[in-house]
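Throughout, a chain's letter reflects where its sequence line sits, starting with A, and its residues are numbered from 1.
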Amino acid sequence: MAASPVFPFMPGGAADGTRLPSGAVMLTDLTGGFRFGLKGGGSAGWLASQGVPLPAVNRLGSWRGTRVLRLGNEDILLLADGADSTLAELASTWHGATAPKGYSSWREEGWAWMRVSGPQAPRAMERLCALDLRADKFSAEDIAQTRVGHIEAVMVRSQAGFDVLFDVTASAYFARTVAAAARHCTDLLIDTEGHT
Amino acid sequence: MPLRLLKYGLSRDYPVSGDIPAAPDLKPSYDVVIVGGGGHGLSCAHHLSKYHGIRSVAVIEKGYLAGGNTARNTTTIRSNYITPEGIAFYKEAVELFEGLSQELDFNVMFSQRGQLTLAHTEATLRSFHARAEMGKHLGTRTEVVDQKAVEELVPSLNMDHGGALEILGGLWHADGGTARHDAVAWGYAAQASRRGVEIHQRTEVEGFEVVGDRVQAVKTNRGRIACGQVLIATGGMNYDVALMAGVELPIRCYPLQAMVTQPLKPWLHTLVSSVSLHTYLVQSSRGEIVIGGGSDPYQLYSTRSTLDMKEHLAEGAVHLFPFLQGVRLLRQWAGITDMTPDYSPIMGASPLQNLWLDCGWGTWGFKATPVAGKRMAETIAKGRVPDILKPFALERFETFRLLNEMGATAASH
Amino acid sequence: MKILTCPMNGPRNIDEFQSFGPVRAEPDPDRTADTDWSRHLFRAENRRGIVVEWWRHVPSNYFFLAERDLVTNEIIRTFDASERRAQS
Amino acid sequence: MNRLPEPWGSRIDRSRPIRFTFEGKTFEGYAGDSIASALAASGQWVLSRSFKYHRPRGVLSMTGADANTLVQLPFEPNVAADRTPISAGLRVSAQNVNGSLERDRDAIIDRLGRFLPVGFYYRTFMGPRRDSWLKFWEPMIRRKAGLGVVDTTAPYRHFDKTHLHCDILVVGAGPAGLNAAITAAEGGADVVLCDENPEIGGSLTYGRHDPATLADLSSRLRALPNLRLLTGTVCNGWYEDNWLPLIQGDRLHRTRARSVILATGSIEQPAIFRNNDLPGIMLGSAAQRLIRHYGVRPGQKAVVLAPGDEGYCVALDLVEAGVSVMLVADPRSGGGAGPFEAELHGKGVAIQKAATIEAAEGTAGNRHLARVRVGGRWIECDLLAVSAGQVPAWQLPCQAGAKVGYDAATGSMTLTLPKAPVHFAGSVAGDNDLRGAIAGGCRAAAAALSQLGKAVVEDRSPTRPTATSPVHVLPIVANPKGRDFVDFDEDLQVKDLQNAVKEGYREIELVKRFTTVGMGPSQGRHSALATARIVAEATSRTVGEVGVTTARPPVGPETLGVLAGHHEPLERRTALHARHLALNAVMKPVGAWWRPYFYGDASEAQKAIRDEIMAVREGVGLLDVSTLGKLELRGPDAGAFLDRLYTMAHANQPVGRVRYCLMLNEMGSVVDDGVAYRMAEDRFYVTATTGAVARVYADMLFWNAQWRLRVDVLNLTGAFSGLNVTGPKARSVLQALESDIDFGRGAFPYLSGREGVVAGVPVRVMRIGFTGELSYELHCPSSLAPALWDAVIAAGKPHGLQPYGLEASRILRLEKGHILIGQDTDAITTPDELGFGWAVSKKKPFFVGKRSIEMRARLGQSRKLVGLQFPADAKNIPGESCLVLRGTTPVGQITSVGFSPTLGCAIALAYVHVDDSTEGSRVTVKCRNGQLVDVPVVAHAFLDPANARQEM
């Protein structure tokens, strides 16, 4: 009998009852989405041996429909983005493999995965993060390990906005913080006399 | 109307007191050279000249009088420390402040309206009990008060009932207060000058002539001064100045920032500080709210201000008193604190026979001004360290006799 | 807000970092006299000049070294700890 | 009544009248009016009373930069009436008045001025008794202190904080700033241009300029998509690495610019003469701003002090606005002022050369200007427009590292360029005329562009014109009767500064501190140069030698609200949060975490906690220990790494075993404890205390940055949850669950660990005993913790399993004599003081702190942590932190105390003198009420010292 997982925003989860902002700034919970990460000696070598192309540190790559996040020399996270079976197959291969193969980074349990999107998402992110996130400064292949909403986070662009990975225990806090930022984005932020 | 005001009103010309006489040329030698024209050095000079008959004293100051940490601190005076040695020492400081205006015939405006330190966690409350029990035992007015008493002492506080930063109680220190920091230094300077002490501003130490285990002379940008005894009391410069004499101190320097609002009609009558928020507030006699907090997070000698510290302090202040959102900030500044490993000062002997130390004050130098000066003067005059200072000796770091005051800081300068 | 350039993450606001203080000598505990050992414990580099110090980029938990002027706060350079070993 | 017809009044919308009140009286203005302009339009010129002498004050600068116009709004004190727009129903009142603004009873102080010279308060108010200051004088003075009033009921507002990035930030949208921004943007840079005013143009909007100049700049600006304009936005400080706060109303843009161009303009200086503070005396630019921005006629009959061309322009503007200009006083003795002089002559305005303002007199109560004396002659007037030249707005440049100098020939302050990537343009750089400002703007942009590696597209800058005739330097002479104010904020007169010097306060910083000059709301904008000149004269030094005091941020007043912004309190929840709430737990914050304190009704806390304790002792309890730090150390050197970090031996720890671990710092003080479970040769699962894990994790990484061992440290604190099943029936509960782990006593002994699956959940189980009972700590991936919790609850039901909270846990551990790091230890506690010799390996060659604890052992130990057990009928039980005395000397303190329901008495842990630490000794404890009690010392574990219960 396998137990069923409960993530923070699910019924009975730690953040159950916390409202996620929607509208011009939308926050979506992807924490239940499939991920697989390795960290520690041997991680990069093993993934390379499986044919996973490894980008440079803090750059994003892709492999058979998954996104490959290189967070450190020996710290790599793969986001399934729908290619669940590919990734599940890789994970299962890893479980059956012999060392050296790195170690599980448990990101699917330790990190919440949330998406900030909507037409005002860039405005909201300016409030949540000190980095220059304009497209020409923070590209679709960049990874920022930084602070979002005053907590440590890993951030990448997604087609719809920004994906943020952070300490799962702070999920309710994060949702409230994004909601507070979103409130200030309902009126356009820069009064530009016609410019933006 | 006090008589002194009548005198002003009735004299045709402004009656000059001449607080700080212009310094004469440097003499080739003095019995005592005090390096550092801040509160501590001036206090020592006053005590040497008034109580020990030592008047051949030169106070040499690189910048202007009391322009270092004496001018930059937020003037908290208190004795609610942790260690019995610390409490006994600062208790004497508070007692000296109580009579300081009379001692100096200069109003230092010692405003003993009490200090309330807030606990937002059980652990903080426990540490308050420790300070209160030790403080009471040693005869200071220090007690732990409950939520109701906190609300009565400062009715406008945001108690945050049920919140993450709920105020669980406080440490009420009725002996706590503030004084006009500049006045303390000027009062000591005026008194010392009247007894023959020379105060040399814009005079910078460039080195020491050390022969054997004695300092023979102090080398300055204005010439060499032979000296009988030397005191180093240079605030954030202690490490560097001592090093010129070959003495290495266990000190690291960090900026400490503070800020002040526009003047407001008085509404805050005690000092209020929060350990968890690293913020403290006090309303000056001009009506300004002085706000301070913890030191900067990395070593530095620069007195530049930062926006992030200001934002942090504003956040703490607004959490405690949400109605301050509309109050306007006027100015921010910083001083350089010399932090020791146990957060207690270093006073007394150095490895050199006639070189004395008054260092390592961290964030607590101002409140010790009278007692440090008095006791260092006694030390220099008698050539031996009085009992009250012995625990603060430099050697304590070799013998692990640390005076652990690390929990007494946070935001309780 | 000061900028500190992390060798791994690039230029970031200094509030993303944690200072771990100046690099210290690593005396052999078994061959160090008591007075020297207490000196090692309690006395840190504090000269008014350039120091080499440890920093941690908190979000990525990466430790590296920086040369910084304690008077001007100018950061002269930052580099991975492996470069220090190569130099010494 | 003073409103001028259109086209005067560029800021006001005459179609939108707005009513508001001032001092209880209703006034009407137009949308776009400031409080001060609307009041002036209605003939209300007095806005405030001064800080010390309570003299009536009115418009001085119209820039929001002086104390004269500070007024009170309902929730905001000290608001600049000349910058703050009116709104419908706004209630404005005067501040710092005793009675009313019109009839201020404290105006009497003005007459007593001679009794209150500079620094008087240092020389009096000390007697007659030692405490007279505190009891009598200070309360009296505090009543007079301050300006505005804080309303402690003001509602909380949400302020906005955001970030802005650009290549070049241009501060100031006057002619120089506009040209700089346009040139920079045309050169391809990403530009932000900010200005504190509601419109662009700066002096082009209120000075005597060709409107086409601004129209042209405006249209060029609008064509640039890479130029972002923020009007109504103050750049309020410069911080390291071009980090600048741009404040736009209730919003703070934390801005990072690669390069900055400061086109912050200059500050017109008031003139110093007797009664120079009367309402009706204002800066020439203030009169122009009233006329052009607000369509307000600043007076009926005017005198203009014109030491340069600007004053002539002011006079021309006044004439055009219908003001009778009685006289233009020009202090210069000869030379023509060029075309302006002729133009004024043409309009019949009298000009007196070599003349200055000698004094002014007011109407009754000094409520308004009545006449001024020029060349010994009194001239009736209700407006005096003055100017004593300009000083560059030095605050931002100086914060960026510029140094202030002084040009004695022109009587003006100069600024050096800082080392930082910051450039100056316009009058801040000394280019006071329009052509110079435009050229300066283009030059600054070119410099900034080249610094960024971008080329200037086209040099549009006009050649620099020859300097116009400098403004005459007005002498500063003290009036024998005083009231010649240098600093309006602080009511300081010329003689006050001279007297400070006489007292020996010769350095400018000392003059500032002794007199408070420059410390008021205007921060020396209108007084710094005059002060430097007075002090230079009094000390026979040059103005350059004297200098000005340090310009600290902020540039102008800023609200604490905009600085603080809004910040949700950080909160962390365990995966079982909702389970606790469902069980009616009373939650308490522990750091950022919220944890169950106990379960049940808040009004019956004591009973609930007692029941929870007894359930653990007699049956079985369940505690959520998910907040515990959880670290996984992986790699071939993991064992060696732990050996270096902790005091016990781990390299030789068998797989499947759990060991206590104690961490010291280099000083040999105890900093953390936990357990280490060896899951594999190359893998340990290590716990750390809730409060310390972040630091322990960082320290591990720090040590390994130096040691470079082959080990990876992973912080699993959030990823894994922990459930402690504890009590005599714990084994029965677990055995009732579906699992591949044999929980039997022989198969799973004390201090061992197992991996397996319980109720379908993969777990790591450790047999450890914080409560002193048979315990299994089950750790699992957090998403599965609710499922595991539910399964344990269900399996425990037949055994009376009781979830318990933090308070029960604290008592349970105390009964067992287990320490809590941070509560029972302090920053200098050694393992020896805890009696933890057993936890320190004697064989390992090295671990952090080893050298120090050996040295400290040699130096001698003075205290030790022991247990104290109070009689069941004890009347006085000391609280935590009570002192342990030897005679009257404190030798230690109680660290933990509580009533043990199991033992039926109070028990405590305490530091006592090492000589009193053996079992059976008695020590004296001082209770919080001062009573001394005599207590016997007992063994650490009050309960089950032989450990039979936890090892069963």
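- A salt bridge does not link A/Glu109 to A/Arg107: none of the charged side-chain nitrogens sits closer than 4.0 Å to a carboxylate oxygen.
- Within the 4.5 angstrom heavy-atom criterion, no atom of D/Cys780 approaches chain A.
- Neither the backbone nor the side chain of D/Asp790 comes within contact range of chain A; no heavy atoms are under 4.5 Å apart.
- For the pair A/Met155/A/Leu133, a side-chain contact is recorded, criterion being any heavy-atom separation below 4.5 Å from C-beta on.
- A/Arg67 and A/Asp163 are joined by a salt bridge, as a carboxylate oxygen and a charged side-chain nitrogen come within less than 4.0 angstrom of each other.
- Each of A/Thr169, A/Thr31, A/Asp16 has some count of heavy-atom pairs under 4.5 Å with chain D, and the biggest count is that of A/Thr169.
- Taking chain A as the reference chain and counting heavy-atom pairs below 4.5 Å, the highest number among D/His158, D/His567, D/Arg683, D/Lys161 is found for D/His567.
- At a cut-off of 3.5 Å, with distance as the only test, no side-chain donor of D/Glu568 or A/Thr177 sits close to an acceptor on the other residue.
- If you measure heavy-atom distances from D/Asp190 to chain A, the contacts under 4.5 Å come from the side chain alone.
- Using a cutoff of 4.0 Å between basic side-chain nitrogens and carboxylate oxygens, A/Lys39 and A/Asp75 are not scored as salt-bridged.
- Only the side chain of A/Asp167 comes within contact range of chain D, with heavy atoms under 4.5 Å apart.
- For chain D, the nearby part of A/Ala180 is the side chain; its heavy atoms alone come within less than 4.5 Å.
- Using a 4.5 Å heavy-atom cut-off against chain D, the contacting residues of residues 134-151 of chain A are A/Arg134, A/His150, A/Ile151.
- Side-chain atoms of D/His163 and D/Arg254 include a donor-acceptor pair closer than 3.5 Å.
- Contact annotation for A/Ser171: neither backbone nor side-chain heavy atoms come within less than 4.5 Å of a heavy atom of chain D.
- For A/Arg19, the CZ atom sits in a loose shell: 12 or fewer heavy atoms of surrounding residues, nucleotides or ligands are nearer than 6.0 Å.
- Within the 4.5 angstrom heavy-atom criterion, no atom of D/Val711 approaches chain A.
- Chain D forms the most heavy-atom pairs under 4.5 Å with one residue out of A/Pro8, A/Ala130, A/Cys129, and that residue is A/Ala130.
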Check your understanding: Between A/Leu165 and A/Leu77, does a side chain to side chain contact (heavy atoms under 4.5 Å, CB included) hold up when you go through it step by step?
Key -> CA-CA 11 Å; A/Leu165 299 135; A/Leu77 176 64; 4.3 Å; yes
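- The distance from atom CZ of D/Arg634 to atom CG of D/Asp712, rounded to the nearest 0.5 Å, is 4.5 Å.
- Between the side chains of D/Ser626 and D/Thr574, not a single donor N or O lies within less than 3.5 Å of an accepting N or O.
- In this structure, the portion of A/Val168 lying under 4.5 Å from any heavy atom of chain D is its side chain and not its backbone.
- Ranked by non-hydrogen atom pairs under 4.5 Å with chain A, the options D/Pro786, D/Ser782, D/Pro762, D/Pro781 are led by D/Pro781.
- For a residue to count as touching a neighbouring chain, one of its non-hydrogen atoms must lie under 4.5 Å from one of that chain's; by this rule D/Leu570 touches chain A with backbone and side chain alike.
- Annotation: cation-pi geometry not satisfied between D/Arg678 and D/Phe684 (NZ/CZ under 6.0 angstrom from ring centroid, within 45° of ring axis).
- Of the two parts of D/His580, neither the backbone nor the side chain holds a non-hydrogen atom closer than 4.5 Å to a non-hydrogen atom of chain A.
- Using the six-membered ring where Trp is involved, A/Phe36 and A/His95 have ring planes that are tilted, between 30° and 60° apart.
- Between the CG atom in A/Asp81 and the CG atom in A/Leu87 there is a gap of 9.5 Å [rounded to 0.5 Å].
- Contact of A/Ser43 with chain D is not made at all, since no heavy-atom distance falls under 4.5 Å.
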